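Since this is a predicted model, take the numbers as computed values, not measurements.
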Amino acid sequence: MRIKNHPVLNFDDRQDLVEFTFDGKTYTGVLGEPIACALHNNGVMILGHSHTGRSRGLYCAIGNCSACLASVNGQSNIRLCTTKLEEGMVIIKQHGRGIIKINN
């Protein structure tokens with residue numbers, strides 16, 4: 001999913017690699033790329049499950065659908081296709097609607 005050569009666009013050759021975890025397993029990705037891209041480049045295609053148990057993966061890639069929702073650093077319902085990867089992120093597959101935390 002990561003574009004390296006393009007006939008019109010130029011990409012910076014310098015890529016800062018960062019480590020993150022997904023469901024307890026450590027992966028490496030490029031700092032600032034969408035989390036979904038980093039996961040795809042590591043061979044992870046199932047990003048979560050619907051409330052009926054069906055597998056969810058990357059669908060629209062622009063933040064319009066809810067196929068790639070997951071828990072990121074303890075916060076549910078984060079879109080992996082539009083959230084930028086940062087060092088040390090803890091990402092967990094979301095099952096159904098996730099947990100909504102209410103701050104008092």
Side-chain angles (χ1 to χ4, degrees):
M1 183 171 262
R2 191 175 295 136
I3 299 172
K4 295 181 181 179
N5 296 312
H6 192 277
V8 177
L9 303 174
N10 293 319
F11 296 98
D12 186 4
D13 289 336
R14 192 188 101 229
Q15 296 181 339
D16 298 326
L17 297 179
V18 295
E19 286 190 347
F20 65 99
T21 62
F22 181 72
D23 281 351
K25 187 173 178 185
T26 302
Y27 295 98
T28 303
V30 176
L31 179 68
E33 74 179 336
I35 296 170
C37 293
L39 288 168
H40 188 275
N41 284 314
N42 282 284
V44 177
M45 304 300 165
I46 298 174
L47 305 176
H49 295 90
S50 71
H51 66 281
T52 61
R54 289 179 38 202
S55 298
R56 290 180 173 170
L58 189 60
Y59 181 69
C60 76
I62 59 172
N64 280 339
C65 72
S66 60
C68 67
L69 294 179
S71 171
V72 177
N73 295 334
Q75 185 175 355
S76 297
N77 299 314
I78 302 298
R79 286 181 166 81
L80 300 183
C81 68
T82 58
T83 303
K84 293 181 179 183
L85 184 64
E86 297 174 6
E87 176 72 40
M89 282 184 148
V90 177
I91 305 152
I92 301 171
K93 280 182 194 163
Q94 184 167 300
H95 301 278
R97 295 182 180 97
I99 298 170
I100 299 172
K101 294 182 181 179
I102 299 173
N103 297 329
N104 292 338

So, using salt bridge (Lys or Arg N to Asp or Glu O under 4.0 Å) as the criterion, who are the partners of Lys93 when residues are at least two apart? Asp23

Which atom of Leu85 lies closest to which atom of Ala38, heavy atoms considered: CD2-CB, 3.8 Å

d(Ile46 CD1, Cys68 SG) to nearest 0.5 Å is 14.5 Å

So, Asn64 side chain and Cys60 main chain: donor-acceptor pair closer than 3.5 Å or not? no

Nearest heavy-atom contact between Pro34 and Cys81 is CB-O, 3.4 Å

With the 4.5 Å side-chain cut-off for hydrophobic clustering, are Leu31 and Phe22 part of the same group? yes

If you compare all heavy atoms of Gly57 against all heavy atoms of Leu47, which two are closest, and at what distance to 0.1 Å? C-CD1, 4.0 Å

Does the pair Phe20 and Thr28 meet the rule for a side-chain contact (heavy atoms from CB on, under 4.5 Å), with working shown? CA-CA 6 Å; Phe20 65 99; Thr28 303; 5.8 Å; no

So how far is it from Ser71 OG to Ile92 CD1, rounded to the nearest 0.5 Å? 5.0 Å

Would you mind listing every salt bridge (Lys or Arg N to Asp or Glu O under 4.0 Å) that reaches into residues 54-79, with sequence neighbours excluded? none

Keeping to residues at least two apart or across chains, list the ring-ring contact (aromatic ring centres under 6.0 Å, His included) pairs with something in residues 49-89. His49-His95

Test of understanding: with side chain to side chain contact (heavy atoms under 4.5 Å, CB included), list the residues that count as partners of Ser66, not counting sequence neighbours. Leu69

State which residues pass side chain to side chain contact (heavy atoms under 4.5 Å, CB included) with Glu87; sequence neighbours excluded, sorted by chain then number. Val18, Glu19

Is there a side-chain contact between Val72 and Val90, using heavy atoms and a 4.5 Å cut-off? no

Between Gly88 and Asn73, what is the shortest heavy-atom contact and its length? O-OD1, 4.3 Å

Who pairs with Thr52 by side chain to side chain donor-acceptor pair (under 3.5 Å), at least two apart in sequence or on another chain? Ser50

Would you say Glu33 and Asn41 make side-chain contact, with heavy atoms under 4.5 Å? yes

Return the set of residues passing side chain to side chain contact (heavy atoms under 4.5 Å, CB included) with Thr83 (not counting sequence neighbours), or none when no residue passes. Ile35, Ile78, Met89

In the structure I gave you, are the side-chain heavy atoms of Val30 and Asp16 within less than 4.5 Å of one another anywhere? no

